[in-house]
Amino acid sequence: MEKEEKTAITPTREEDYSEWYQQAVKLSDMAERSPVRGCMVIKPWGYSLWENIVHELDDMFKDTGVKNAYFPLFIPLGFLEKEAAHVEGFAKECAVVTHHRLEKNDGGGLVPAGPLTEPLVVRPTSETIIGDAFSNWISSYRDLPLLINQWANVVRWEMRTRIFLRTSEFLWQEGHTAHATETEAMERTKLMLNIYARLAEEYLAMPVTKGRKTESEKFPGAVETFSIETIMQDKKGLQAGTSHFLGQNFAKASEIKFQSFEEKEEYVWTTSWGVSTRLIGGIIMTHGDDNGVILPPRVASSHVVLIPIYRSSDDKAKVMEFVEKLGLEIKNLFYHHRKIRVEIDDRDIGGAKGWEWIKKGIPLRVEIGPRDIAKDSVYIARRDKPHREKISMKRDQFAKEIVNILDEIQNNLYEKALSFKEENTVSIDGGARFYEFFTPLNKDKPEIHGGFAFSHWCGTNECEAKIKEDLSVTIRCIPLNQNTDKGKCVCCGRPSSGRVLFAKAY
RNA sequence: CGGGGCGUGGCGCAGCCUGGUAGCGCACCUGCUUUGGGAGCAGGGAGUCGGAGGUUCAAAUCCUCUCGCCCCGACCA
């Protein structure tokens with residue numbers, strides 16, 4: 001009888017996915033809850049991951065001509081009221097600042113004083129205040145296109161929060177652009193969607209489905225919303241990035257006008273697009289295993305940890321010298337134009353530290369003891385392989401190969417995620433099969449079930465709503481490469497002209 | 001915001017029903033022995049039981065209110 005292998009995370013994904021996620025976040029030391037309702041503290045291990053994502057994305061944005069700027073955290077109430085659909089969408093989840101001073105009360109406590117004449121809304125997104133700036137910045141077609149991005153925090157007073165996936169405050173970037181023509185604005189919308197898809201697939205190793213949102217899932221105020229949709233290991237979908245074509249809605253709301261080459265006054269066409277710290281939750285749920293987080297090398301907080309192993313203090317001196325020297329050498333190597341980040345863990349806490357790094361998801365663990373040094377070699381473990389599967393390698397070869405090894409891990413993670421996505425993506429015809437697919441066998445404690453289902457939809461809000469009502473399944477997107485085979489709506493049986501992506505979602 | 005569950009050292013939990021003044025495992029600190037897969041022994045530090053109020057001689061335990069977290073739903077990146 002083989003003894004059951006102990007996992008670093010309890011429970012396993014299979015046993016309780018949601019609890020597994022909480023534990024994976026906690027034990028990776030990426031973030032923790034704060035005393036503030038619904039808000040998180042992002043710890044260094046999580047924040048460096050975010051910083052790496054920021055650097056990569058920022059480069060990609062700038063390559064397309066986007067410039068960074070910064071706009072106020074506070075939005076005058078009146079600004080938010082300008083676009084009707086926008087108000088409708090965000091009004092229910094805004095934090096509002098109503099006072100500008102604190103005073104001591106009789107009990108010695110502090111109470112708000114000095115009411116503001118116009119309350120300020122903590123930005124849930126910045127279309128309105130940036131639109132106001134744009135209206136001042138733009139007067140001629142020569143000022144267009146205007147391509148602006150800001151890295152910022154936003155606040156949305158969510159009813160139900162989940163660390164990284166949905167918190168009241170989160171970090172993100174929001175890009176805002178203004179264009180002279182509809183075509184150009186739409187091109188920009190698609191361009192940014194493609195950048196997000198590239199970020200997800202090439203850097204985060206998360207395969208995506210690109211698509212258009214239905215009327216009911218659209219961003220409040222947008223004409224069209226596009227998104228990248230990813231699948232998590234519990235077979236739920238995660239919207240990982242959005243790009244909106246805003247038409248002239250916000251231009252009209254904020255009076256963003258320009259004089260055209262033909263000397264006519266016209267409204268600009270705008271776009272907005274964003275990704276957030278939610279991506280970190282996506283990485284965890286895409287790649288993590290029952291031993292914790294697995295970080296894709298291209299954005300990993302650190303790439304490799306060197307773990308010295310020694311008996312005597314004599315050994316320790318020798319091992320440490322070897323380790324420090326190797327560390328220095330590797331630190332100066334580049335992995336995709338970024339320096340390799342090295343950790344050296346010389347804490348004297350035995351095998352436990354190896355497990356800590358497994359839980360943190362560092363791509364490479366390298367053990368170095370007297371025996372290795374005698375052979376001038378190192379002992380390597382990859383996080384994408386079983387934790388006991390380790391290989392010995394000559395020290396110099398390791399230094400030479402590390403970049404390739406990291407790439408192998410990166411590719412391997414992507415391939416694994418892609419297989420998972422493909423295995424759990426199905427085309428379903430017929431209501432009965434559709435309902436069966438999305439209904440768990442155990443209703444009290446639903447097991448992991450469902451997946452991505454490409455099915456026919458008649459295009460009406462009623463059917464979309466009914467399916468949501470019955471199964472909590474929504475249309476994640478209408479795929480951009482939608483095949484246009486004819487069929488019947490899985491809900492009402494009326495004719496449909498193409499399949500859309502259905503899934504349960506975060 | 002509706003339904004359910006839960007809050008006890010850093011983490012995971014027992015104790016609560018049948019009130020008597022807090023315990024276990026891991027982590028942490030010190031020492032010795034160890035060290036290639038979550039080390040052993042000995043000693044030690046740390047909680048007043050989410051918060052407030054009430055009942056009582058006495059409350060982690062009973063009652064009321066409140067805050068927070070988790071799950072399901074509605075809402076959402």
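Letters go in sequence order (proteins before strands), and every chain restarts at 1. Because the structure is a prediction, the values reported are computed rather than measured.
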Selection from [options] that lies nearest to any side-chain heavy atom of [X]:
{"X": "A/Ala352", "options": "B/A77, B/G38, B/G73", "value": "B/G38"}
{"X": "A/Ser276", "options": "B/A77, B/C11, B/C70", "value": "B/A77"}
{"X": "A/Glu158", "options": "B/G38, B/G12, B/A77", "value": "B/A77"}
{"X": "A/Ile309", "options": "B/U35, B/C70, B/G38", "value": "B/U35"}
{"X": "A/Phe219", "options": "B/G12, B/A77, B/G38", "value": "B/A77"}
{"X": "A/Arg33", "options": "B/C69, B/G12, B/A77", "value": "B/C69"}

key: Distance flag, aromatic centroids of A/Tyr21 and A/Phe164, threshold under 6.0 Å   =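 No, the ring of A/Phe164 stays outside the 6.0 Å limit from the ring of A/Tyr21, centre to centre.
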message = What I want to find out is whether A/Glu32 reaches A/Lys26 closely enough, with some N-O distance under 4.0 Å, to be called a salt bridge.
response = no
query = Thinking salt bridges, do A/Asp290 and A/Arg13 make one under a 4.0 Å N-O criterion?
reply =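 Judged by the 4.0 Å cut-off on N to carboxylate O distance, A/Asp290 and A/Arg13 do form a salt bridge.
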Any strand: nucleotide that pairs with [N] via Watson-Crick or wobble, under 3.5 Å:
{"N": "B/C26", "value": "B/G10"}
{"N": "B/A77", "value": "none"}
{"N": "B/U18", "value": "none"}
{"N": "B/C32", "value": "B/G40"}
{"N": "B/U64", "value": "B/A52"}

Tell me whether the side-chain N/O atoms of [X] come closer than 4.0 Å to OP1 or OP2 in [N].
{"X": "A/Lys213", "N": "B/A77", "answer": "no"}
{"X": "A/Arg162", "N": "B/C71", "answer": "yes"}
{"X": "A/Lys359", "N": "B/G38", "answer": "no"}
{"X": "A/Arg37", "N": "B/G68", "answer": "yes"}
{"X": "A/Thr125", "N": "B/A77", "answer": "no"}
{"X": "A/Thr242", "N": "B/A77", "answer": "no"}

Contact class for [X] vs. all strands (heavy atom < 4.0 Å): base, sugar-phosphate, or nothing?
{"X": "A/Ala8", "result": "base"}
{"X": "A/Leu27", "result": "nothing"}
{"X": "A/Lys26", "result": "sugar-phosphate"}
{"X": "A/Ser227", "result": "nothing"}
{"X": "A/Thr10", "result": "nothing"}
{"X": "A/Pro440", "result": "nothing"}

request  = On RNA chain B, check which nucleotide each of A/Arg365 and A/Val36 is closest to and give me the residue with the more 5' one.
outcome  =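 Going by which nucleotide is closer to the 5' end, it is A/Arg365.
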Given atom [atom1] of [X] and atom [atom2] of [N], what is their separation to the nearest angstrom?
{"X": "A/Arg160", "N": "B/A77", "atom1": "CZ", "atom2": "P", "value": "16 Å"}
{"X": "A/Met159", "N": "B/C70", "atom1": "CE", "atom2": "P", "value": "14 Å"}
{"X": "A/Lys504", "N": "B/A74", "atom1": "NZ", "atom2": "P", "value": "10 Å"}
{"X": "A/Tyr506", "N": "B/C70", "atom1": "OH", "atom2": "P", "value": "13 Å"}
{"X": "A/Gln22", "N": "B/G5", "atom1": "CD", "atom2": "C1'", "value": "14 Å"}
{"X": "A/Tyr310", "N": "B/A39", "atom1": "OH", "atom2": "C1'", "value": "14 Å"}
{"X": "A/Lys218", "N": "B/C75", "atom1": "NZ", "atom2": "P", "value": "17 Å"}

query = For A/Glu324, does the CD atom sit with more than 12 other heavy atoms under 6.0 Å from it, leaving out its own atoms?
reply = yes
Please report the distance separating the [atom1] of [N] from the corresponding atom of [M], rounded so that it comes out in whole Å.
{"N": "B/U55", "M": "B/C72", "atom1": "C1'", "answer": "36 Å"}
{"N": "B/C16", "M": "B/C6", "atom1": "P", "answer": "15 Å"}
{"N": "B/A59", "M": "B/G20", "atom1": "P", "answer": "11 Å"}
{"N": "B/G15", "M": "B/G7", "atom1": "P", "answer": "10 Å"}

query = Does NZ or CZ of A/Arg212 come closer than 6.0 Å to the centre of the six-membered ring of A/Phe226, within 45° of the ring's axis?
reply = no
query = Can you check whether A/Phe322 reaches A/Arg395 side chain to side chain, under 4.5 Å on heavy atoms?
reply =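 Yes, at least one pair of side-chain atoms sits under 4.5 Å.
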query = Side chains of A/Leu204 and A/Leu279: does their closest heavy-atom pair fall under 4.5 Å?
reply =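 The answer is yes; the side chains approach within 4.5 Å.
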ask   = Does any donor atom in the side chain of A/Thr214 or A/Glu464 lie under 3.5 Å from an acceptor atom in the other side chain?
value =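 Side-chain D/A pair, A/Thr214 to A/Glu464: present.
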